[in-house]
Trainee: 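This structure is in structure tokens; I'll ask about it shortly.
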Amino acid sequence: MPGRQLLMDFEVTPTSHTLEAYRARGGYATLEKALRTMQPVDVTKEVTASGLLGHGGAAFPVGRKWSVMKPGDDQPHYLCANADEGEPGTFKDRWILEHAPHLLVESMLIASYALDVRHSFVYIRGEFDLPWRRIQGAIDEAYAAGLLGAKLFDTGFMLDIVVYRGAGSYVCGEASGLITSIEGRKPYPRNRPPRLTVRGLYQKPTVINNVETLANVTGIIRDGAEAFRKVGTAKSPGTQLVSISGHIAKPGVYEVEYGYPWARFLDVDCGGLLHGAKLKCVIPGGISTKVLTRAEIEPLMLSHESVNPAGSSLGSGGMIAIAEGTCMVRLLQVLLRFYHHESCGQCTPCRDGMGWMHRIIDRIVAGKGVAEDIDRLYAISEANDGTTICGMGDAAGYATIGILNKYRDEFEHFITHGSSKCDGRLECLA
Amino acid sequence: MKHLIPEFEQMKRRYPEGFEASLVLPCLRRIQEDRGFVAEEDILGVVEYLKVARIQVEEVLSYYTMLRRKPVGRWHLQACRNIACSMRGCDGLVGHLVEKLGIQPGETTADGRFTLSTVECLGSCGTAPVVMVNEAYHEDMDAAKLDQLIEGLR
Ligand SMILES: Cc1cc2nc3c(=O)[nH]c(=O)nc-3n(C[C@H](O)[C@H](O)[C@H](O)COP(=O)(O)O)c2cc1C
Ligand code: SF4
Ligand code: FES
């Protein structure tokens, strides 16, 4: 196992997701402790002290987000668990929704108590079926057990949780797009400021956290911030759920303690590459993070302070292992098609830029590329940086530049020869 | 859609008051589940029930890729073609389906049994390639498994 486990710390069985099994593991005792012995601000203080960082992609400190909310300021507050899980390569929140749904519910109850929330939401991507049935099932169980929709432990605190199902759209995962979607509109992201913690859902203060982020809250309140900080590293406390896919022998979701050696994780824990192939590069945390070569990751640890200086980030934990022989031109084509497809169309640089980039890469792959195409891809990527409303415009540019910088020769070869330097393969053959 | 109103009323209870517009998407999803698509009369029904502008219902209906205004085949095959599935051979699978069913992505077989679509990452990359059939994910697919699956659906 890649280090200590905080979330995947129980045996998965056909019934381990139920309320009964969760209670047998000590479930909902932390909620009672929080409500009976802590003030809302104490909960936020503990979460702040834990140093917990967001797991949705940006690693934003949770305590800093929560501290903006002022309990008791006489206006409604909202909490949304982001279960949109749309970043290609990412499938870790699904593990929590399917196997530990009550951990999310208990954490949302505790977070809602801290943030003075009366109504909260789980925004789940539209395609998810089993994960939806599991989280909805857990919420139904919690209602039946009097944990939701009723005043708890003589405190007057009560919470409703609505599971809001998306209907196929990547930008719904972006925090302000998510809010607009819940408001019953198309999910156009919003300009900030104002921050969502000041003016979010229905124009009221709103906290949006990733599912995995929230799932950590119960453990932090149960064992204390100090115990949480003993896991991981000083700058990256705790663990990260890594969902690994691509040309890896043992794909799946792994809970990795921050600070674990990256190469060891791939070679030992994940069994190396398929068919004993050699690693060419890795996309660390979803396609929006920059690719790192085998040589680059060799000395690195899986922690923010190790990966960020190498010019990439752990992002959403959606790791993709890429074998030698894979055509990076065709790989970029898949990414650009995706971004073009998902651009909400609100900002000109993203709406038009994604279309241009997609057409350029299609042309290169069709063997009709021209020498200036590489510069054009750079120019469009750079023009997007910082000029769009949401992070998608930037992300597409980063991903593109990341691949171009490291594999420019493959693009030049494709353009001059009209064909791939690597057989145009994306698969890893035996 | 009128017969679904009691269900909608149930749903409404857990939302904060005064934000009925939030129910546009959930109502449309439920209607589609029931009828297979969203019809003109459903749009009018939602407008009347939620007291929202028609344009808002149209906006939601046209933006989200899972919502549709026309029926699809009895079995809707949606093959993922994003990065992890591409790296595990989804292009071959889509080609196989095109050949076997005699239709292109976006089309429905003449007998109305099958609709084929391609979709972007389904959040199941560890078990790529993935083909969704109606609501269910079919993971770690290959041509032989697909053939078997389709035989079972005929
Ligand atoms: C285009 C785009 C898509 C995103 N998709 C997701 C997503 O699917 N899930 C998620 O948790 N965060 C996603 N995010 C990040 C959210 O905007 C937000 O930062 C996050 O949910 C905050 O939670 P955290 O602080 O707990 O990480 C996305 C961001 C962008 C720009
Ligand atoms: S950057 Fe792209 S996806 Fe984001 S708001 Fe602008 S157009 Fe929409
Ligand atoms: S790429 Fe196909 S499920 Fe993620």
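Order of the sequence lines sets the chain letters (A, B, ...), proteins ahead of strands, with each chain counted from 1. Keep in mind it's a predicted model, so treat the numbers as computed, not measured.
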Trainee: Between chain B and each of Val162(A), Ile322(A), Ile244(A), Leu148(A), count heavy-atom pairs under 4.5 Å; write down the option with the most.
Mentor: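 Of the candidates given, the most pairs with chain B belong to Val162(A).
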Trainee: Quick one, Phe114(B) and Thr108(B) - any side-chain contact, counting heavy atoms below 4.5 Å?
Mentor: no
Trainee: Top residue by heavy-atom pair count (under 4.5 Å) with chain A, among Cys121(B), Ser22(B), Ala84(B)?
Mentor: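 Top option by heavy-atom pairs under 4.5 Å: Ser22(B).
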Trainee: Does Arg14(B) qualify as a cation-pi partner of Tyr143(A), given the criterion of NZ or CZ under 6.0 Å from the six-membered ring centre and within 45 degrees of its axis?
Mentor: yes
Trainee: Under 3.5 Å, is there a donor on one side chain and an acceptor on the other for Ser343(A) and Tyr170(A)?
Mentor: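 Absent: no donor and acceptor within the cut-off.
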Trainee: In terms of heavy-atom pairs under 4.5 Å, which option from Val57(B), Leu122(B), Asp91(B), Leu67(B) contacts chain A the most?
Mentor: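 Highest number of pairs under 4.5 Å: Leu122(B).
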Trainee: Could you look at Tyr15(B) and say if it's the side chain, the backbone, both or neither that has a heavy atom under 4.5 Å from chain A?
Mentor: both
Trainee: Which one, Thr90(A), Leu335(A), Val334(A), leads in non-hydrogen pairs under 4.5 Å with chain B?
Mentor: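 Option with the greatest count: Val334(A).
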Trainee: Do you see a donor-acceptor pair shorter than 3.5 Å between the side chains of Tyr78(A) and Ser120(A)?
Mentor: no
Trainee: Side chains of Glu120(B) and Pro88(A): closer than 4.5 Å at any heavy-atom pair?
Mentor: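 With C-beta onward as the side chain, the pair stays apart.
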Trainee: Could you tell me which of Thr65(B), Leu28(B), Leu50(B) has the largest number of non-hydrogen atom pairs under 4.5 Å with chain A?
Mentor: Thr65(B)
Trainee: Given a strict heavy-atom distance threshold of 4.5 Å, which part of Ala21(B) is in contact with chain A: side chain, backbone, both, or neither?
Mentor: both
Trainee: Of all of Glu20(B), Met132(B), Gln78(B), which one pairs up most often with chain A through heavy atoms under 4.5 Å apart?
Mentor: Met132(B)
Trainee: Looking only at side chains, do Tyr254(A) and Ser243(A) share a donor and an acceptor under 3.5 Å apart?
Mentor: no
Trainee: Tell me, out of Ala167(A), Gly318(A), Gly184(A), who's got the most heavy-atom pairs with chain B below 4.5 Å.
Mentor: Ala167(A)
Trainee: Relative to chain B, which of Leu274(A), Asp93(A), Ile283(A) shows the most heavy atom pairs under 4.5 Å?
Mentor: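 Looking at each option in turn, the highest pair count goes to Leu274(A).
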Trainee: If you measure only the distance, is there a donor-acceptor pair under 3.5 Å linking the side chains of Ser124(B) and Arg94(A)?
Mentor: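 Short answer, yes.
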Trainee: Is the backbone N or O of Arg185(A) less than 3.5 Å from a side-chain atom of Thr180(A), with the two atoms forming a donor-acceptor pair by type?
Mentor: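 No, the answer is negative, given that no donor and acceptor are paired below the 3.5 Å cut-off.
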Trainee: As an exercise: rank Thr127(B), Asn82(B), Val24(B), Val60(B) by heavy-atom pairs under 4.5 Å with chain A and give me the winner.
Mentor: Asn82(B)
Trainee: Among Glu342(A), Arg165(A), Glu183(A), Glu85(A), which residue has the highest count of heavy-atom pairs closer than 4.5 Å to chain B?
Mentor: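 With the most close heavy-atom pairs to chain B, the winner is Arg165(A).
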